[in-house]
Protein chains: 2
Amino acid sequence: MFQARLTETSGLARACLHGAIRDDGALADAMRYATAGGKGMRGFLVMESARLHGVNDTRSVWPAAAIEAVHAYSLVHDDLPCMDDDDLRRGLPTVHKKWDEATAVLVGDALQTLAFELLTHDAVGAARVSLISTLAQAAGQSGMVRGQALDIAAETAPMPLGLDEIITLQAGKTGALIQWSAEAGAILASADPKPMRDYATALGLAFQIADDILDVEGDARTVGKAVGKDAGAGKATFVSLLGPQAAKTRAAELVDQACDALAPFGADAETLRDAARFVIQRDR
Amino acid sequence: MFQARLTETSGLARACLHGAIRDDGALADAMRYATAGGKGMRGFLVMESARLHGVNDTRSVWPAAAIEAVHAYSLVHDDLPCMDDDDLRRGLPTVHKKWDEATAVLVGDALQTLAFELLTHDAVGAARVSLISTLAQAAGQSGMVRGQALDIAAETAPMPLGLDEIITLQAGKTGALIQWSAEAGAILASADPKPMRDYATALGLAFQIADDILDVEGDARTVGKAVGKDAGAGKATFVSLLGPQAAKTRAAELVDQACDALAPFGADAETLRDAARFVIQRDR
């Protein structure tokens with residue numbers, strides 16, 4: 001039931017995104033390839049938080065497509081040999097393996113640009129500037145890119161990171177975009193974003209703990225990318241710091257917190273509660 | 001006289017850009033480094049076209065800073081080993097030489113994000129969405145990144161490009177941002193952008209021909225980057241296709257065209273005419 005709704009809604013965001021990629025040879029092919037797979041969780045969060053705030057899909061599908069473009073750009077660049085050096089993503093060769101590194105750099109660059117272009121669409125309405133400004137903050141030097149820079153610095157640091165440092169790193173690297181996604185519906189409706197922010201803060205951390213657990217316990221074929229990389233590299237993660245059992249307990253507590261934050265919306269928010277539960281139950 | 005005005009005005013744009021880079025370790029240092037040098041021609045064009053349209057510096061300095069951020073991001077990524085593989089830029093080591101490739105990828109990414117954030121500043125006013133939308137088109141898959149993709153494809157093509165193909169490539173790679181810069185003042189003033197567009201189309205092409213001439217005739221120490229690369233790589237350029245003398249004649253004709261396009265503004269546009277003349281006289 002939840003899976004079907006996730007697939008259907010993220011499909012709307014992906015169709016919008018693919019409609020905005022102009023047919024232009026290898027670059028466009030690689031942009032479509034880079035945005036073809038994945039769960040589409042961020043775009044789903046945008047559209048569900050919009051629905052919760054009474055905002056139509058015809059408006060919310062643009063920011064949903066935009067956040068999927070930003071997420072895809074970050075993965076394409078993160079997979080580069082000079083970054084995480086991954087050959088496999090979502091069960092398929094990464095962009096620099098299927099094409100080359102130059103194409104991967106340009107695909108990421110063009111997807112980021114496209115994200116901001118999507119947010120200027122007329123249908124988005126009066127919230128356009130606010131969404132662009134908050135997305136730039138979430139994606140840039142104080143958000144996602146900051147998290148990535150901390151992650152890279154940690155690889156050459158003399159000591160593995162501690163728990164507080166991992167939380168700061170992940171709040172940037174994965175948390176910032178998830179938070180923007182959940183808040184986007186409130187911003188579209190000019191409503192108070194606080195409940196969505198509290199939901200997203202807990203959700204983002206649960207999401208990352210679940211990712212760390214998948215890196216240890218997941219199956220590479222199901223997960224669709226290499227697993228065991230963090231432990232192999234001696235990298236500090238929630239699992240290495242807490243142990244697998246305490247990490248699972250912590251993730252479950254965070255999901256409860258995320259669900260509680262939606263109390264003001266009552267039963268209307270059940271889909272977003274399902275999303276939070278899904279985040280720690282998924283196998284990829 | 002013109003040089004002094006260029007230095008002063010581009011300094012305003014750079015100060016605005018540097019003020020927006022948050023103090024955050026190596027990433028911020030490398031972002032400042034990547035935006036410290038250069039002529040600042042694009043930001044200058046934004047502010048001068050704004051002045052011509054009666055728009056205050058306090059408004060135009062934000063789009064001026066934004067276009068310099070986009071230009072700097074494109075240089076940092078273009079210099080990467082998987083792209084043009086340059087060690088020297090503006091007389092200093094490129095970002096991936098001074099730091100590393102991962103930092104260069106992230107610096108470029110963060111500078112692009114910052115550009116869009118700068119355009120959301122309140123001072124920019126009602127033109128914000130229009131400037132963001134047009135910048136995304138100029139920088140993305142139909143503009144600059146398209147030009148870069150064509151440039152990379154040309155390196156492995158069986159035949160050198162012809163003149164029409166070089167013009168298409170350069171219209172994307174360097175022309176699109178120069179055109180946006182010149183049109184930004186008209187957009188800020190809600191004025192007809194046609195005269196500025198005609199000016200910029202001629203100027204952008206003259207700029208690129210001058211760059212090709214510098215690659216053949218310039219001194220690496222003055223130019224601040226490696227010269228002779230295009231001829232060494234057997235790459236088709238305006239100089240290789242037209243010969244140096246005809247290329248200079250063509251550039252001078254284009255500057256005349258650019259100046260003529262400003263006729264509706266009379267003597268008020270003299271600074272922008274000086275800018276066009278400067279573009280083909282510069283030695284770096």
Side-chain angles (χ1 to χ4, degrees), chain A residues 20-22 24-28 30-31 70 73-74 77-78 80-84 96 100-122 124 128-146 148-150 152-153 155, chain B residues 20-22 24-28 30-31 70 73-74 77-78 80-84 96 100-122 124 128-146 148-150 152-153 155:
Chain A
I21 297 173
R22 287 179 273 279
D24 191 25
L27 186 70
M31 287 171 77
V70 172
Y73 122 64
S74 78
H77 281 187
D78 207 35
L80 282 167
C82 68
M83 306 276 284
D84 277 359
H96 68 271
D100 50 46
E101 285 181 50
T103 301
V105 170
L106 292 177
V107 161
D109 290 346
L111 285 171
Q112 176 171 197
T113 316
L114 183 57
F116 288 104
E117 189 177 346
L118 286 162
L119 288 175
T120 65
H121 196 280
D122 284 343
V124 179
R128 286 178 291 182
V129 172
S130 178
L131 287 170
I132 292 163
S133 165
T134 50
L135 180 59
Q137 286 164 46
Q141 56 180 329
S142 312
M144 182 178 73
V145 169
R146 178 160 183 256
Q148 300 228 15
L150 292 171
I152 284 164
E155 282 171 24
Chain B
I21 297 172
R22 287 179 273 279
D24 191 25
L27 185 69
M31 288 171 77
V70 171
Y73 121 65
S74 78
H77 281 186
D78 206 36
L80 282 167
C82 67
M83 306 276 283
D84 277 358
H96 68 272
D100 51 44
E101 286 182 48
T103 301
V105 170
L106 292 177
V107 161
D109 290 346
L111 284 172
Q112 178 172 196
T113 317
L114 183 58
F116 288 103
E117 188 177 347
L118 286 162
L119 287 174
T120 65
H121 196 280
D122 283 342
V124 181
R128 285 179 291 183
V129 172
S130 177
L131 287 170
I132 292 164
S133 163
T134 50
L135 180 59
Q137 286 164 45
Q141 56 180 330
S142 313
M144 182 179 73
V145 168
R146 177 158 183 258
Q148 300 228 15
L150 292 172
I152 285 163
E155 281 170 26

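In what follows, every chain begins at residue 1, and chains take the letters A, B, ... in the order their sequences are listed. Predicted model, so just to flag it, every value in this text is computed and none were measured.
Heavy-atom distances place both the backbone and the side chain of B:I132 under 4.5 Å from chain A. Contact annotation for A:A138: neither backbone nor side-chain heavy atoms come within less than 4.5 Å of a heavy atom of chain B. Neither the backbone nor the side chain of B:A30 comes within contact range of chain A, judged by heavy atoms closer than 4.5 Å. The contact between A:L27 and chain B is made entirely by side chain atoms (from C-beta outward), counting heavy-atom distances below 4.5 Å. Heavy atoms closer than 4.5 Å to chain B are found in the side chain of A:M31, but not in its backbone. Residue A:R128 touches chain B through its side chain alone, counting heavy-atom pairs closer than 4.5 Å.
Side-chain atoms of B:V70 and B:M144, non-hydrogen and from C-beta on, do get closer than 4.5 Å to each other. Contact of the A:M83 side chain with the B:L106 side chain is registered, since non-hydrogen atoms from C-beta on lie closer than 4.5 Å.
Each of B:D100, B:L135, B:I152, B:I21 has some count of heavy-atom pairs under 4.5 Å with chain A, and the biggest count is that of B:I21.
The side chain to side chain contact (heavy atoms under 4.5 Å, CB included) test with A:V129 singles out one residue from B:T120, B:V124, B:D122, and that residue is B:T120.
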Exercise. How far apart are the C-alpha atoms of A:Y73 and B:Q112, what are their side-chain angles, what is the distance that settles it, and do they pass the side-chain contact (heavy atoms from CB on, under 4.5 Å) test?
Worked result: CA-CA 12 Å; A:Y73 122 64; B:Q112 178 172 196; over 6 Å; no
For this session: Show your working on side-chain contact (heavy atoms from CB on, under 4.5 Å) between B:V105 and A:Q148 and close with a plain yes or no.
Result: CA-CA 11 Å; B:V105 170; A:Q148 300 228 15; over 6 Å; no
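Between B:H77 and A:H77, the angle of the ring planes goes over 60°, which puts this pair in the perpendicular group of the 30/60° scheme.
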